[in-house]
Novice: 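Before I ask anything, here is the structure I am working with.
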Amino acid sequence: MRSLRAGRLTYGVLGLFTAGSLFPLVWTAIAASRTNTRLAQTPPPFWFGGNLGRNLQIAWTDANMGTALLNTVIVAGTVTIGTVLFSTLAGFAFAKLHFRGRRMLMALVVGTMLVPPQLSVVPLYMLIAKLSWTDRLQAVVLPSLVCAFGVFFMRQYLVHALPTELVEAARTDGASSLRVVWHVVFPAARPAMAVLGMLTFVMAWNDFFWPIVALTQNGSPTVQVALTGLGRGYIPDQSVIMAGALLGTLPLLVVFLVFGRQIVGGIMQGAVKG
Amino acid sequence: MTDETAVLSPSAAAPERAAADGGGRGRPGQVWRSRRYRWDLRWSPYAFVAPFFLFFAAFGLFPLLYTGWAALHQVELTDPDSMTWVGLRNFTRLWDDEFFWNALRNTVTIGLLSTVPQLAIALGVAHLLNYRLRGSAFFRVAVLTPYATSVAAATLVFVLLFGRDYGMINWALSAAGVGPVDWQNGTFASQLAVSTIVIWRWTGYNALIYLAAMQAVPGELYESAALDGASRWQQFLHVTVPSLWPTILFTGVVSTIGATQLFGEPLLFNGGAGATGGSDHQFQTLGLYLYEQGWVNLHLGRASAIAWAMFLLLLLIAGAARLLRGRGDTR
């Protein structure tokens, strides 16, 4: 067999790499539990202090974190539902249905993955300004509602995971397309939908470039935008900034703790076929 | 609903057979049903792909083309409705703009500093993860955790870690006998620091992609290499890396695209001092310069021109990748 058993050195190096991956996160919590004065001393703190509650509270009120978190949940949730739904429908059509222009349209989908988002920010901003959507959540939700990678991912999955005979059997039973989607496609696609949903949620939660253009701290900011407002004081309180960073990261870390294995599986699956 | 359950009988799918069966349904209903069925069969694929293309047209394609149009105008953020035609002036100004070339240079160096080590480390980590490991699920999740951290949160932490006077990294360097580094004001140092944030967030992600590709390499390749007396290192070099070449290229292109658009890290690494990318623009990237021109200096037309310059850069990279792929195939 090919996979050799790992030796001590392997565990050692992997352990170091893992520590490097996790350390900044742990240290965020440590710094968030200290005072600003303590952070401005050497050596830096290596263990938790007693100031976490106070810092979280200041971050919460100063950056309006409650609203920001709620906004982010709304944005990330809507974007995720839209992306998963539309990607599954389009992915199914590209994987199993025959229609004129299928190849060309699929090539177009893949091609759009190469277009950088920054190429469209100026007109997009002009558009939302014209619609008076600046500072409103729909300004960040609508442009992210569909995703070429999602369509591609679902197509790749459904080509193999959904037996064509099953679709044809449902057809010969006279099922309409919507019934086929509901009773055959969705059940077959569920695992991939879950993975795509989690990946989309992480991406939407962490999105930064467009939200900071479209939303300000005075309107309805997402957590990422609200975080940038924390360091604005004359002498910024670093421990409070870290508390804010912690608040913005924690929800996703919980998602990771619960679904980490599925997310890992999804990335690896998407990679092989991509 | 009742109508649809009726359709479940074979009559709609195979009308001629249904007629032979002589099912007791009226003809007009059958004709209507089969027509509706054909209509459904023909048009529903378009309905399924329509949302993607509609949204893409509105929020992707239209803005893309309009950026080109806006780049030929003078437009101010304060009054985006009034556009004055200036032809190629936005582009010629960029050509003479030292800050543009500075941002372009920074984007290239930070891109190299972040992409090359990132992919090299990812390849090594993937190789280790490919061994039979206890707790492999734990390692995989732990390695991916930085991916769940936002640019904003990650950068704010690293600003603190890279602090000149009290940062942990300088403290460790001093303890090791190397003098403290001014991570924010030194040109190379600040670019290295910004790259570190990128490397930290994305290495694990790329490692998992490599791991997936490694697991798809057929075992016989290794067996025959071992029979030929290849050491493990030689196997890695002559079996693993060539087999992974397409994946390496893929991650290379994706990371390079990401590096071209680098924005959040250099913005926030500045410690709240705005979009200049450091006191001397030492880590201002193209993405940040675009933002500065458009949303700080309010020149949307010039920002559009920068966007198109970035697009050209990406096309160059895509062309280079195509050449590289051709070389990889002939191996």
Side-chain angles (χ1 to χ4, degrees), chain A residues 2-6 10 13-14 17-18 21-22 24 28 40-44 86 89-90 93 97 99 105 112 115-116 118-120 122-124 126 129 143 145-146 151 172-174 176-177 202 206 208-209 224 227-228 231-232 238 241 245 248-249 252-253 256 260-261 264 267-268 271-272, chain B residues 4 7-8 12-13 40 44-45 48-49 51-52 55-56 59-60 63-64 66-67 70 80 125 128 131-133 137 139-146 148-153 156-157 160 166 168 171 204 208-209 212 216 219 222 261 263-264 272 287 290 294-295 300 303-304 307 310-311 314:
Chain A
R2 143 97 189 112
S3 28
L4 296 157
R5 187 172 299 169
T10 307
V13 177
L14 272 181
F17 186 79
T18 311
S21 297
L22 297 179
T28 306
Q41 283 166 12
T42 39
F86 294 143
L89 287 177
L97 302 179
F99 55 98
L105 289 176
T112 63
V115 179
Q118 287 166 344
L119 203 51
S120 350
V122 172
L124 213 48
M126 290 160 85
L145 222 44
V146 297
V151 175
T172 35
D173 284 348
S176 68
S177 296
V202 172
N206 287 336
F208 187 68
F209 184 65
Q224 313 306 337
L227 266 182
T228 63
R232 290 282 162 85
Q238 300 292 350
I241 296 178
T249 315
L252 273 198
L253 286 184
F256 241 61
R261 290 178 80 149
V264 167
I267 285 175
M268 290 179 61
V272 175
Chain B
E4 280 191 300
V7 176
L8 274 174
D40 173 39
S44 59
F48 291 159
V49 299
F52 174 84
F55 275 98
F56 175 72
F59 297 109
L64 177 73
Y66 203 86
T67 304
V125 170
L128 296 180
Y131 283 108
R132 220 151 13 107
L133 281 170
F139 282 119
R140 287 176 192 183
V141 174
V143 153
L144 190 64
T145 315
T149 316
S150 71
V151 174
L156 293 174
V157 181
L160 217 51
Y166 310 106
M168 187 174 286
W171 171 79
L208 289 178
I209 290 180
Y222 289 98
Q261 300 163 27
F263 166 74
L290 184 158
W295 281 270
L300 288 181
S304 304
M310 288 170 73
F311 190 46
L314 277 176

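Note on naming: letters A, B, ... go to the chains in the order of the sequence lines (proteins, then strands), and numbering restarts at 1 for each one.
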Novice: When you measure from the side chain of Gln224(A) to the backbone N and O of Phe208(A), does any donor-acceptor pair fall under 3.5 Å?
Specialist: no

Novice: Is Leu14(A) in contact with chain B via its backbone, its side chain, both, or neither, using a 4.5 Å heavy-atom distance?
Specialist: both

Novice: Among Pro123(A), Ala129(A), Ala90(A), which residue has the highest count of heavy-atom pairs closer than 4.5 Å to chain B?
Specialist: Pro123(A)

Novice: Which answer fits Ala148(B), side chain, backbone, both or neither, if we ask what part of it has an atom under 4.5 Å from a heavy atom of chain A?
Specialist: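 Contact with chain A: backbone and side chain both.
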
Novice: Look at the side chain of Asp40(B) and the backbone N and O of Ser176(A), then say whether any donor-acceptor pair between them is shorter than 3.5 Å.
Specialist: no

Novice: Within a strict 4.5 Å, meaning less than it, do heavy atoms of the Leu290(B) and Trp295(B) side chains meet?
Specialist: yes

Novice: Counting heavy-atom pairs under 4.5 Å with chain B, which one of Val202(A), Leu119(A), Val264(A) comes out on top?
Specialist: Leu119(A)

Novice: With a 4.5 angstrom heavy-atom cut-off, which part of Leu300(B) approaches chain A: side chain, backbone, both or neither?
Specialist: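 Both parts, heavy atoms under 4.5 Å.
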
Novice: Would you say that Leu105(A) contacts Phe99(A) through its side chain, given a criterion of any heavy-atom pair below 4.5 Å between the two side chains?
Specialist: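 Side chain of Leu105(A) against side chain of Phe99(A), heavy atoms only: contact under 4.5 Å found.
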
Novice: Which atoms of Met168(B) come close to chain A, meaning under 4.5 Å heavy atom to heavy atom: side chain ones, backbone ones, both, or neither?
Specialist: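 Both the backbone and the side chain of Met168(B) come within 4.5 Å of chain A.
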
Novice: Please report the interatomic distance CG(Leu144(B)) to CZ(Arg261(A)), rounded to the nearest 0.5 Å.
Specialist: 14.0 Å

Novice: At a 4.5 Å cut-off on heavy atoms, which part of Phe17(A) comes close to chain B: side chain, backbone, both, or neither?
Specialist: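 The side chain, not the backbone.
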
Novice: So which residue, Ala93(A), Gly248(A), Ser120(A), ends up with the most heavy-atom pairs under 4.5 Å with chain B?
Specialist: Ser120(A)

